[in-house]
Amino acid sequence: MIALKETLDALRRPRLRNLMFPNLVPPKGCIRKWKQPEKLLKDYFLCRYFEEVYDLLGDGSIIGVRLDGHCRGQMGLWIPDEMLFLAADACWGSDLVRAAGRMRLLPRLLQKDFTAYLDSLRRMHRMKRDFPQIRIVYTHQKEV
């Protein structure tokens, strides 16, 4: 498993306040190798939109992008060959992106950092505006 340090820490000690539910975390021993991303990119096109961009496998085939907000250390995945950006839990679905700023109290409380949540959405919006051919897919999205 490749994950940012905050995510690895949360997986090791799942807590509701970190939005890591013990029954949704792989059991101890199931994940045999933990690795933090090492290759931080500086000149990749996604660096114009995101502060932390990683070449996760070292060959440019899967790029990790830090998407804080819903939980600390969350990463989205850019798969260049497919022009696909997997945005994890950065939003519940593309139909709700424009309404995120008007989110009600209870859903806001489900975000670890609501300001960072909105910032991640703004960054993805700018990327999509500049590269409309990129497909953005969220974990809970109804349709792909």
Side-chain angles (χ1 to χ4, degrees), residues 1-22 24-103 107-144:
M1 170 181 275
I2 300 172
L4 294 170
K5 182 181 183 319
E6 296 94 334
T7 303
L8 293 175
D9 291 344
L11 285 170
R12 289 183 182 122
R13 293 178 300 284
R15 294 186 180 105
L16 179 60
R17 70 178 177 192
N18 292 331
L19 297 173
M20 291 284 187
F21 305 99
L24 298 178
V25 172
K28 287 186 180 186
C30 181
I31 299 171
R32 295 195 174 112
K33 186 173 182 181
W34 301 86
K35 180 182 177 188
Q36 293 184 72
E38 297 169 356
K39 190 171 182 183
L40 183 65
L41 301 175
K42 297 189 189 301
D43 295 325
Y44 199 74
F45 86 98
L46 291 174
C47 298
R48 288 183 272 172
Y49 308 98
F50 305 99
E51 293 177 20
E52 290 183 36
V53 178
Y54 299 92
D55 185 348
L56 296 180
L57 301 179
D59 63 0
S61 64
I62 299 178
I63 306 298
V65 174
R66 185 180 190 112
L67 293 175
D68 281 328
H70 179 60
C71 61
R72 286 185 8 198
Q74 173 177 253
M75 276 201 303
L77 299 177
W78 165 241
I79 304 170
D81 288 349
E82 301 296 324
M83 294 298 286
L84 178 63
F85 190 90
L86 300 173
D89 283 338
C91 191
W92 283 305
S94 57
D95 56 330
L96 298 172
V97 170
R98 293 188 195 280
R102 299 184 310 274
M103 191 180 290
R108 268 184 201 227
L109 294 174
L110 292 175
Q111 312 313 317
K112 183 71 175 171
D113 180 338
F114 188 66
T115 302
Y117 175 85
L118 291 177
D119 183 58
S120 288
L121 288 177
R122 283 186 202 104
R123 291 169 183 272
M124 287 186 295
H125 176 75
R126 285 194 303 271
M127 175 191 71
K128 179 71 173 169
R129 180 195 63 213
D130 293 348
F131 296 94
Q133 67 274 28
I134 292 176
R135 280 186 307 142
I136 299 175
V137 177
Y138 302 92
T139 300
H140 304 285
Q141 193 161 324
K142 294 176 186 174
E143 296 179 16
V144 177

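One is the number of the first residue; the rest follow in order along the sequence. Heavy atoms only: backbone and side chains are in, while hydrogens, waters and symmetry mates are out.
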Point to revise | Chi angles and distances behind the side chain to side chain contact (heavy atoms under 4.5 Å, CB included) call for Phe131, Tyr49 | key: CA-CA 12 Å; Phe131 296 94; Tyr49 308 98; 3.3 Å; yes
On a heavy-atom basis, which atom in [X] and which in [Y] lie closest, and how many Å separate them?
X: Asp68; Y: Gly73; value: OD1-N, 2.7 Å
X: Ala87; Y: Met124; value: CB-SD, 3.7 Å
X: Pro37; Y: Leu56; value: CB-CD2, 3.7 Å
X: Gly60; Y: Pro80; value: O-CG, 3.3 Å
X: Gly58; Y: Lys39; value: O-NZ, 4.3 Å

First locate atom [atom1] of [X], then atom [atom2] of [Y], and finally report the distance between them rounded to the nearest 0.5 Å.
X: Leu40; Y: Glu51; atom1: CG; atom2: CD; answer: 11.0 Å
X: Leu77; Y: Glu82; atom1: CG; atom2: CD; answer: 13.0 Å
X: Glu52; Y: Leu4; atom1: CD; atom2: CG; answer: 6.0 Å
X: Arg135; Y: Ile79; atom1: CZ; atom2: CD1; answer: 9.0 Å

Exercise for review: Answer whether the closest heavy-atom distance between the side chains of Ile136 and Met127 falls below 4.5 Å.
Suggested key: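 Yes, close enough: below the 4.5 Å cut-off.
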Review point. Just wondering, do Ile63 and Phe50 contact through their side chains at under 4.5 Å, heavy atoms?
Key: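 The answer is no; the side chains never approach within 4.5 Å.
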Review point. With ring centroids as reference points, do Trp78 and Phe45 lie under 6.0 angstrom apart?
Key: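 Yes, the ring centres sit under 6.0 Å apart.
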Exercise for review: Could you verify whether a donor N or O on one side chain and an acceptor N or O on the other, from Asp55 and Tyr44, lie under 3.5 Å apart?
Suggested key: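 No - no donor-acceptor pair under 3.5 Å links their side chains.
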Practice item. For the pair Arg126 and Asp130, find out whether any cationic side-chain nitrogen is under 4.0 Å from an anionic carboxylate oxygen. Key: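 Looking at Arg126 and Asp130, the cut-off is not met.
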